[in-house]
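What follows is a short report on a single structure.
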Amino acid sequence: MTRLVELEANGPRKLEPEDIDDEKGDVAVCQCGLSDDFPFCDGSHRRTRDEDEGTTYVYEDGERREVERVVTADETDE
């Protein structure tokens, strides 16, 4: 499985003491790129549990779509 994720970031995020969850006592950092509370995990990764190996997905507006082809900016038509 591959996932296309676009992030808007311009540098690292420094964690502050108020970032610690009062109930859990921890900070969970998003690794899937889908969190609405990025860079913190909000559990959005649960939507990816049934992704198939060898398939590329993109998540937009809360929906998952399969991607047929990925074209990079430096790729030319042959």
Side-chain angles (χ1 to χ4, degrees):
M1 144 290 304
T2 307
R3 195 174 307 121
L4 294 176
V5 178
E6 293 183 25
L7 303 174
E8 294 180 15
N10 56 11
R13 165 126 183 209
K14 180 180 177 184
L15 299 180
E16 303 293 340
E18 56 269 11
D19 292 325
I20 296 175
D21 187 300
D22 290 333
E23 290 180 24
K24 298 178 186 175
D26 63 6
V27 175
V29 177
C30 174
Q31 294 189 85
C32 73
L34 299 176
S35 176
D36 289 331
D37 195 24
F38 192 85
F40 304 107
C41 176
D42 68 358
S44 292
H45 59 275
R46 292 182 186 104
R47 297 185 288 164
T48 68
R49 288 182 178 159
D50 63 345
E51 291 179 343
D52 295 323
E53 289 292 326
T55 302
T56 300
Y57 298 96
V58 65
Y59 289 79
E60 294 178 324
D61 300 323
E63 294 186 21
R64 176 175 65 194
R65 291 186 298 111
E66 289 185 22
V67 176
E68 292 183 28
R69 181 170 179 243
V70 177
V71 179
T72 59
D74 59 330
E75 188 176 327
T76 59
D77 290 331
E78 297 177 12

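Positions are given from 1, in the same order as the sequence printed here. Computed from a predicted model, the values in this text were never measured in an experiment.
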(request) Write down the atom of R64, the atom of R47, and the distance for their closest heavy-atom approach. (result) NH1-O, 3.5 Å
(message) Nearest 0.5 angstrom please: E60 CD to R65 CZ, how far?
(response) 4.5 Å
(message) For Y57 versus D52, what's the shortest heavy-atom pair and its separation?
(response) OH-N, 2.9 Å
(request) For atom CD of E16, decide whether the heavy atoms of other residues, nucleotides or ligands shown that lie under 6.0 angstrom number more than 12. (result) yes
(message) Looking at every heavy atom in both S35 and D42, which two are closest together, and how far apart are they?
(response) OG-CG, 3.3 Å
(message) Applying side-chain hydrogen bond (donor to acceptor under 3.5 Å, both in side chains), can you list everything that pairs with E23, at least two apart in sequence or on another chain?
(response) none
(message) How long is the straight-line distance from CZ of F40 back to CG of L15, given to the nearest 0.5 Å?
(response) 5.0 Å
(request) Identify the two heavy atoms, one from D19 and one from V27, that lie closest to each other, and give their separation to 0.1 Å. (result) O-CG2, 3.5 Å
(message) Let me confirm one number: the CG-SG distance from D36 to C41, rounded to the nearest 0.5 Å.
(response) 11.0 Å
